[in-house]
Protein chains: 2
Amino acid sequence: MNRLAPALLQPRKAPRQARSAVTIDAIHTATIQVLLAEGVSRLTTTRVAVRAGVSVGTMYQYYPHKQALLFAIVERQLQSITAAMVTAAERLMGQDLATVAEGLALAWLDAKTADRVASLAIYSIAAEFDLGEVMGRTMRQMTEVIAALLAGATDARGIDPEVAAFMLAAMLGGSVRVVMETGSSDDDLARLRRELPRACQAYLAAVN
Amino acid sequence: MNRLAPALLQPRKAPRQARSAVTIDAIHTATIQVLLAEGVSRLTTTRVAVRAGVSVGTMYQYYPHKQALLFAIVERQLQSITAAMVTAAERLMGQDLATVAEGLALAWLDAKTADRVASLAIYSIAAEFDLGEVMGRTMRQMTEVIAALLAGATDARGIDPEVAAFMLAAMLGGSVRVVMETGSSDDDLARLRRELPRACQAYLAAVN
DNA sequence: ACCTGAACACCGTTCAAGT
DNA sequence: ACCTGAACACCGTTCAAGT
């Protein structure tokens, strides 16, 4: 559970010449390709280097270690999901709680299932390295967005936006993850798509 | 993502003499100790062997590979949680939906937080190896137990026990996992303990 | 300023040899 | 019937040497 200072997980240096920007991008792409083609267990620094067309040494000039490589990918994926949720939030601002709940649930499901392979890859990386921190940060961001949405809902009365947003984020994030990870059939996902909005709506109605 | 046939994950042979039963137990205990003391990344076959007081070769006589070691631990943990839920289910049989929902949520939280370190260790192992299958099986068992409970509830009317149980299992399993994994404070857990039962109750009420 | 790749320490797994 | 531990293939990481 060795927790690394965030600084250590960033790329080691910024590209100063054009060719190194190319190199850094090639490494990034190669990592994803190897991950999807061979799985985590076969994701090797050498394999990534070969695929990227550089030597291992070069890779270590940009990423201090393997974790940093994976960290970069996870972060990009999480950011794209966050962005999707922010977009959804803008659309949902000033609606009533039922609409907000449904909108959030569907947006979350869409974002997660859009690139299901990538999402699964993320999950499979998440535990091997210490990604709790990054995921925690993402979840806190999400909670803030949701809280603002709840506070601004037309029919918000007795609801505590902080508390309700926390619970909603846990429900969304957790249920989708569990279903996706446990060898879910398409049926299961369809089921989740029907039931998750209802669950969110029911919870919000109950605490309002 | 190499999926192994379940048979390969079982201990390689049953102990035929007393000393090998002792050996197998020593290995199992040593694995947990190393896991808790040093973390997944430092969980090494050699380290486990040393701690267990046997040679690496001996370990491989009982567990065909490292995954099998971890698999044994995960399975034991999951079984103990399943057992706790079955006990709770017996107590809740024939109650109304609100009582069932609250009882399930609290039982799940208790089971998971009782040995929080072990649970976290499980999660950290879960993705590194292919434990989706085991976890999926556990979740399906849980869903069955919950479905029976819902079908037998005094005030069950329009509810579809299968569907509602699926959603409930996803909510319980997911939310607790997400909160525990993302560097949760004790405050967060307390919050979850208050909100999760309400969310489950609200959902059941809405679909009944 | 950037890249190379042999070299090092360590890990999972095996198997001939022991009791 | 069970155990040992040197040996093997492979992995992450480094660093002297090159352009």
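Basis for what follows: all heavy atoms, side chains included, without hydrogens, waters or symmetry-related copies. Just so we're on the same page: letters track the sequence lines, and every chain starts at 1.
- The neighbour count for A:Gln33 CD, taken as heavy atoms of other residues, nucleotides or ligands under 6.0 Å away, is above 12.
- In this structure, A:Arg191 CZ and A:Leu196 CG are separated by 14.5 Å, a value rounded to the nearest 0.5 Å.
- Of the candidate nucleotides D:dG5, C:dG12, C:dG5, D:dG5 has the atom nearest to the side chain of B:Ser55.
- Of all nucleotides listed (C:dG12, D:dG12, D:dT4), C:dG12 comes nearest to the side chain of B:Lys66.
- Each of C:dC2, C:dT13, D:dT4 was ranked by its minimum atom distance to the side chain of A:Tyr62; first place goes to C:dC2.
- The pair A:Arg177-A:Glu181 counts as a salt bridge, with a side-chain nitrogen and a carboxylate oxygen less than 4.0 angstrom apart.
- Rounded to the nearest 0.5 angstrom, B:Tyr203 OH and B:Leu168 CG are separated by 7.5 Å.
- Atom OH in A:Tyr63 sits roughly 13 Å away from atom P in C:dC3 (whole-Å rounding).
- With rounding to whole Å, A:Leu43 atom CG is found 11 Å from D:dC11 atom P.
- Taking 4.0 Å as the cut-off between side-chain N and carboxylate O, B:Arg193 and B:Asp110 count as a salt-bridged pair.
- Side-chain proximity of A:Arg47 to the nucleotides D:dC11, D:dT13, D:dT4 is greatest for D:dC11.
- In this structure, of D:dT13, D:dC2, C:dC3, it is D:dC2 that holds the atom nearest to the side chain of B:Gln61.
- Rounded to whole angstrom, the span from the CD1 atom of B:Ile27 across to the P atom of C:dG12 amounts to 14 Å.
- In terms of phosphate contacts, B:Thr46 brings no side-chain nitrogen or oxygen within less than 4.0 Å of OP1 or OP2 of C:dC10.
- Each of A:Gly57 and B:Gly57 was assigned the nucleotide of DNA chain D with the nearest heavy atom; the assignment lying further toward the 5' end belongs to B:Gly57.
- With a 3.5 Å ceiling on both atom-pair distances, the Watson-Crick or G-U wobble partner of D:dA7 is C:dT13.
- The separation between A:Gln67 atom CD and D:dG12 atom P is 12 Å, rounded to whole Å.
- Pairing of D:dC2, defined by two Watson-Crick or G-U wobble distances under 3.5 Å, is identified with C:dG18.
- Rounded to a whole Å, the CD1 atom of B:Ile24 is 10 Å from the P atom of D:dC2.
- Taking only side-chain atoms of B:Val56, from C-beta outward, the nucleotide of D:dG12, C:dA6, D:dA6 with the closest atom is D:dA6.
- Distance from the side chain of B:Tyr60 is smallest to C:dG12 among C:dC3, D:dG12, C:dG12.
- Following rounding to the nearest Å, A:Leu69 (CG) and D:dT13 (P) show an atom-to-atom distance of 9 Å.
- Closest approach to the A:Thr58 side chain among C:dG12, C:dT4, D:dT13 is made by C:dT4 (side chain taken as heavy atoms from C-beta onward).
- Among C:dG12, D:dC3, D:dC11, the nucleotide with an atom closest to any side-chain atom of A:Thr44 is D:dC11.
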